[in-house]
Amino acid sequence: MSAQAAGATQRMPPARRVAVVHDWLDTWGGGENVLAEILHAYPQADLHALVDFLPEGSRADLGGRRARTTFLQHIPGARKYFRRLLPVFPRAIESLDLAGYDLVLSSSHAVAKGVRTSTHQVHVCYCHTPMRYAWDLRAQYLGQTNLAHGLRGALVNRALDRLRDWDRATSSRVTAFIANSAFVRERIARCYDREAVVIPPPVDTDFFAPAKAPGAPPARDYYFAASRLVPYKRLDLIAGAFATLPQARLVIAGAGPEEARARAAARSNVEFVGHVSRERMRDLLRGARAFVFAAEEDFGILPVEAQACGTPVIAYGRGGVKETVRPLGQIRPTGLFFAEQTAASLAAAVMRFENERSRIDAAHCRIQALRFASGRFTAAYTDFVERTWRAAGAGP
């Protein structure tokens with residue numbers, strides 16, 4: 001080896017060990033889209049999570065990786081019931097041994113940001129939200145699971161108080177926060193008293209796109225709603241609104257514990273199609289009159305995927321959708337908002353949409369969605385991580 005080559009080798013920094021920490025892996029959603037992009041950007045990283053029960057069909061998007069998991073993985077019945085172990089999530093996430101890593105990248109909507117780190121490590125947290133059930137949506141969760149009162153309610157509230165205190169305290173373990181929206185940035189400031197930069201999550205606008213095949217345009221003779229059927233998504237509210245609009249057809253995709261509640265609110269003009277493939281989801285979005293969204297969501301990827309397919313959005317006007325949907329009244333509108341999280345308010349919005357839908361252009365919906373294309377996320381995310389790494393004095 002020449003002296004010049006030897007000198008260059010000596011100046012090269014040692015290999016950087018990277019850990020990526022996700023809350024848990026059991027189904028695929030918006031958080032997993034973010035995780036996949038992070039792993040694509042840092043292919044040398046090791047993946048860690050509380051549990052990993054992800055179906056094999058979804059694992060290819062993670063480069064075939066399996067997560068290094070905690071003791072929760074081995075508890076009998078954990079595959080089905082691990083969420084009921086919420087009070088021990090902090091202990092479990094802290095049991096992960098990350099001492100050998102230089103850079104820790106967490107993707108957190110619950111406890112992933114609370115992993116134990118030391119002063120020599122750089123920890124960048126992509127925060128989907130501070131823990132919903134411990135903070136803003138506690139009353140809603142308890143009320144819809146009949147745990148708001150009585151002894152059980154008191155015990156659950158006490159456990160959530162402890163979880164919130166832990167969540168706040170462990171925010172100091174994070175070197176720098178990334179929020180997925182300005183809405184979440186404000187929540188991070190309020191809950192953790194920390195600043196955050198906003199980098200919207202990636203949306204696959206190549207896959208979610210208008211159909212290219214020649215032929216007649218879609219009939220758009222139905223409204224469409226989709227999500228995991230859990231309390232805060234409010235699919236029961238959507239079904240109830242369309243019960244008062246018998247002339248309007250609604251299709252609901254998704255599965256979850258709130259399915260019975262949503263079905264009870266529905267009438268014959270509402271069709272439940274259950275869990276659907278990614279391809280079927282795209283087809284349903286392409287053919288819908290409008291995508292209906294009733295959650296107060298931190299960002300909300302489905303409304304953006306709908307717009308990417310050229311489909312307008314009717315959404316509850318709070319949370320991340322205010323950053324992704326251009327309502328009637330603005331130039332180049334892509335949808336409209338309803339003001340109250342009630343069936344009556346949504347029904348009125350649907351009737352307004354019927355009267356004014358000609359003002360919304362599918363091309364403008366598509367243009368709006370392209371602001372959130374995956375490539376933009378990856379470039380912004382890696383730039384911020386590397387700047388944080390250099391600012392911490394960890395490397396060149």
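In this chain, residues are counted from 1 in sequence order. Just so you know, these numbers use all the heavy atoms, side chains as well, and skip hydrogens, waters and symmetry mates.
- In summary, of the residues considered (His109, Arg132, His128), a side chain to side chain donor-acceptor pair (under 3.5 Å) with Asp298 occurs for Arg132 alone.
- At least one donor-acceptor pair under 3.5 Å links the side chain of Arg194 to the backbone N or O of Thr175.
- Within the 3.5 Å criterion, the main-chain N or O of Ile331 finds a donor-acceptor partner in the side chain of Arg326.
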side-chain contact (heavy atoms from CB on, under 4.5 Å) for Asp102 and Val18? Distances and angles first, verdict last.
CA-CA 6 Å; Asp102 306 300; Val18 182; over 6 Å; no
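- Other cluster members for Ile252: Tyr223, Leu229, Leu235, Leu237, Ile238, Phe242, Leu245, Leu250, Val270, Phe272, Val292, Ile314, Tyr316, Leu328, Leu336, Phe338, Leu346, Val350, Met351, Phe353, Ile360, joined by side-chain heavy-atom distances under 4.5 Å among Ile, Leu, Val, Met, Phe, Trp and Tyr.
- Side chain of His275 to backbone of Gly254: no donor-acceptor contact under 3.5 angstrom is found.
- Residues Arg267 and Ala265 approach most closely at NH1-O, 3.6 Å, considering heavy atoms.
- Going from atom CZ of Phe183 over to atom CD1 of Ile188 covers 11.5 Å, rounded to the nearest 0.5 Å.
- Closest of all the heavy-atom pairs between Ala239 and Ala262 is CB-O, 3.5 Å.
- Between Glu56 and Arg66, at least one side-chain nitrogen of the basic residue sits less than 4.0 Å from a carboxylate oxygen of the acidic one, meeting the salt-bridge criterion.
- The structure places CG of Leu285 at 11.0 Å from CD of Gln307, a figure rounded to the nearest 0.5 Å.
- Remark: Arg332 does not engage Asp361 in a salt bridge, criterion side-chain N to carboxylate O under 4.0 Å.
- For Asp46, the salt bridge (Lys or Arg N to Asp or Glu O under 4.0 Å) partners two or more places apart in sequence, or in a different chain, are Arg17, Arg68.
- A cation-pi contact, defined as under 6.0 Å to the ring centre and within 45° of the axis, links Arg16 to Trp389.
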Before you tell me yes or no, could you show the steps for Arg164 and Asp167 under salt bridge (charged side-chain N to carboxylate O under 4.0 Å, His left out), namely the whole-Å CA-CA distance, both residues' side-chain angles and the distance that decides it to 0.1 Å?
CA-CA 5 Å; Arg164 184 179 61 189; Asp167 190 42; over 6 Å; no
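- Close placement of the Tyr101 and His48 rings is indicated, their centers lying within 6.0 Å of each other.
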Residue pair Leu103, Gln121: steps toward the side-chain contact (heavy atoms from CB on, under 4.5 Å) verdict
CA-CA 6 Å; Leu103 176 62; Gln121 293 172 303; over 6 Å; no
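- Remark: side-chain polar atoms of Glu323 are not paired, donor with acceptor, to backbone N or O of Ser181 under 3.5 angstrom.
- In this structure the side chain of Arg65 reaches within 4.5 angstrom of the side chain of Pro43, judged on heavy atoms.
- Using a cutoff of 4.0 Å between basic side-chain nitrogens and carboxylate oxygens, Asp193 and Arg168 are not scored as salt-bridged.
- With hydrogens and angles ignored, the 3.5 Å screen pairs a side-chain donor or acceptor of Gln341 with a backbone N or O of Ala294.
- Judged by distance alone, the side chain of Glu37 and the main-chain N or O of Asn33 form no donor-acceptor pair under 3.5 Å.
- Heavy-atom neighbours of Glu271 CD from other residues, nucleotides or ligands within 6.0 Å: above the threshold of 12.
- Remark: side-chain polar atoms of Asn269 are not paired, donor with acceptor, to backbone N or O of Arg249 under 3.5 angstrom.
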Between Lys322 and Glu296, is a salt bridge (charged side-chain N to carboxylate O under 4.0 Å, His left out) present by the stated rule, with each step listed?
CA-CA 10 Å; Lys322 295 189 72 175; Glu296 182 180 334; over 6 Å; no
Would you please test Ile199 and Phe377 for side-chain contact (heavy atoms from CB on, under 4.5 Å) and show each step?
CA-CA 7 Å; Ile199 300 177; Phe377 167 85; 3.8 Å; yes
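- Lys233 forms no cation-pi arrangement with Phe293, by the criterion of a distance under 6.0 Å to the ring centre and an angle within 45° of the ring axis.
- In plain terms, the two heavy atoms of Cys309 and Arg220 that are nearest each other are O-NH2, 4.1 Å.
- Between Arg352 and Glu356, at least one side-chain N (NZ, or NE/NH1/NH2) sits under 4.0 Å from a carboxylate O, which counts as a salt bridge.
- At a threshold of 4.0 Å, the pair Arg263-Glu259 counts as salt-bridged, since one of the basic side-chain nitrogens sits closer than that to a carboxylate oxygen.
- The distance between the ring centers of Phe177 and Tyr192 falls below 6.0 angstrom.
- With hydrogens and angles disregarded, no donor-acceptor distance shorter than 3.5 Å links the side chain of Thr334 to the backbone of Cys365.
- By the 4.5 Å heavy-atom criterion applied to side chains, Pro201 and Phe372 are not counted as neighbours.
- Atom CZ of Phe384 is separated from atom OG1 of Thr388 by 3.5 Å, given to the nearest 0.5 angstrom.
- Here the CZ atom belonging to Arg278 is positioned 10.5 Å from the OG atom belonging to Ser58, to the nearest 0.5 angstrom.
- His22 and Glu32 form a side-chain donor-acceptor contact under 3.5 Å, judged by distance and modelled atom types alone.
- The shortest side-chain heavy-atom distance between Pro202 and Val34 falls under the 4.5 Å cut-off.
- Salt bridge status for Glu279 with Arg282: absent, with no side-chain N to carboxylate O gap under 4.0 Å.
- Taking CG of Leu62 as the reference point, atom CG of Asp52 lies at 8.0 Å (rounded to 0.5 Å).
- Contact of the Ile301 side chain with the Thr324 side chain is not registered, since no non-hydrogen atoms from C-beta on lie closer than 4.5 Å.
- With a 4.5 Å cut-off on side-chain heavy atoms, Phe299 and Pro200 count as touching.
- Cation-pi contact between Arg91 and Phe71: present, with separation from the ring centre below 6.0 Å and deviation from the ring axis of at most 45°.
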Where do Ser107 and Val20 land on the side-chain contact (heavy atoms from CB on, under 4.5 Å) test, with the steps shown first?
CA-CA 8 Å; Ser107 166; Val20 173; 5.6 Å; no
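- Of the charged side-chain nitrogens involved, none lies within less than 4.0 Å of a carboxylate oxygen, so that Asp61 and Arg59 do not count as a salt-bridged pair.
- When all heavy atoms are compared, the tightest approach of Met281 to Phe208 is CG-CE2, 4.4 Å.
- Between Val21 and Ile93, some side-chain heavy-atom pair lies under the 4.5 Å cut-off.
- In this structure, Val51 and Leu25 have side chains that are not in contact, with every pair of non-hydrogen atoms separated by 4.5 Å or more.
- Ring geometry for Phe82 against Phe89 counts as parallel: the plane angle stays under 30°, on a 0 to 90° scale with 60° as the upper cut.
- Taking CZ of Arg280 as the start and OG of Ser277 as the end, the distance is 8.0 Å to the nearest 0.5 Å.
- Using a 4.0 Å cut-off between a side-chain N of Lys or Arg and a carboxylate O of Asp or Glu, Arg162 and Asp165 do not qualify as a salt bridge.
- When all heavy atoms are compared, the tightest approach of Ala41 to Thr378 is CB-CG2, 4.2 Å.
- Between Thr70 and Ala92, the shortest heavy-atom contact is CG2-O, 3.3 Å.
- No salt bridge links Glu258 with Arg228; every basic N to acidic carboxylate O contact stays at or beyond 4.0 Å.
- Looking at Val230 and Pro257, their side chains come closer than 4.5 Å, going by heavy atoms from C-beta outward.
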